[in-house]
S.K.: 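Following this message is one structure expressed as structure tokens.
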Amino acid sequence: MSLDQLKAFLARMQDDSGLRQAAQTAATADDVALIGGKLGYEFSGDELLRLSGQKVGRVTVTKQDIPGEYN
């Protein structure tokens, strides 16, 4: 069920430049899931990461490697 929700969110992202920008600037996959959740889509950041490298409609899911802080 949540995979269907994720795919529906990605389909909506295709045609909504504001949503696409928000997702692209999110710091983590969980942040993207929170954005989706606010719009009524239920999926997790882990589910999003599992689609990394795959194309869904016109959207290609890409994991961004953001280095962590080191002390």
S.K.: So how far is it from L51 CG to D46 CG, rounded to the nearest 0.5 Å?
M.R.: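 Interatomic distance, L51 CG to D46 CG, rounded to 0.5 Å: 11.5 Å.
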S.K.: Determine, step by step, whether T60 and Q54 satisfy the side chain to side chain contact (heavy atoms under 4.5 Å, CB included) criterion, reporting the C-alpha distance in whole Å, the side-chain angles of both residues, the deciding distance to 0.1 Å, and the verdict.
M.R.: CA-CA 6 Å; T60 301; Q54 297 182 36; over 6 Å; no
S.K.: Flag the pair D15 and R20 as a salt bridge only when some basic side-chain nitrogen lies within less than 4.0 angstrom of an acidic carboxylate oxygen.
M.R.: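 Looking at D15 and R20, the cut-off is not met.
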S.K.: State, to 0.1 Å, how close V32 and A23 come at their nearest heavy-atom pair, and which atoms those are.
M.R.: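 Shortest heavy-atom separation between V32 and A23 comes out as CG2-O, 3.7 Å.
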S.K.: Using every non-hydrogen atom in the two residues, find where A26 and I35 come nearest and quote the distance to one decimal.
M.R.: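 For A26 and I35, the tightest heavy-atom pair comes out as CB-CD1, 4.3 Å.
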S.K.: Answer with yes or no whether the hydrophobic clustering places L10 together with L39; edges join I, L, V, M, F, W, Y residues whose side-chain heavy atoms lie under 4.5 Å apart.
M.R.: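 L10 and L39: one cluster.
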S.K.: Look only at the side chain of Q21 and the backbone of G18, and say whether a donor-acceptor pair between them is shorter than 3.5 Å.
M.R.: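 Between the backbone of G18 and the side chain of Q21 there is no qualifying donor-acceptor contact (under 3.5 Å).
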S.K.: Does V61 share a hydrophobic cluster with L3, counting links as ILVMFWY side-chain heavy atoms below 4.5 Å and allowing steps through other members?
M.R.: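 Yes, same cluster.
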S.K.: Side chain to side chain contact (heavy atoms under 4.5 Å, CB included) between L6 and V56: does it pass, once the steps are laid out?
M.R.: CA-CA 10 Å; L6 175 53; V56 179; over 6 Å; no
S.K.: Which heavy atom of G45 sits nearest a heavy atom of A33, and at what distance?
M.R.: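 G45 and A33 have their closest heavy atoms at N-CB, 3.7 Å.
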S.K.: Can you tell me how far CG of D30 sits from CG of L49, rounded to the nearest 0.5 angstrom?
M.R.: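 L49 atom CG to D30 atom CG measures 7.5 Å (nearest 0.5 Å).
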S.K.: Not counting sequence neighbours, list each pair that qualifies as a ring-ring contact (aromatic ring centres under 6.0 Å, His included) and has a residue in residues 12-45.
M.R.: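 For residues 12-45: F9-Y41, F9-F43.
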S.K.: For the CG atom of L19 and the CD atom of Q24, what is their distance to the nearest 0.5 Å?
M.R.: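 Rounded to the nearest 0.5 Å, the CG-CD separation comes out at 10.0 Å.
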S.K.: Does the side chain to side chain contact (heavy atoms under 4.5 Å, CB included) test come out yes or no for Q14 and V59, once each step is laid out?
M.R.: CA-CA 6 Å; Q14 294 180 130; V59 175; 3.5 Å; yes
S.K.: Are any side-chain N or O atoms of S2 and backbone N or O atoms of E42, one a donor and one an acceptor, separated by less than 3.5 Å?
M.R.: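 Checked: no pair found.
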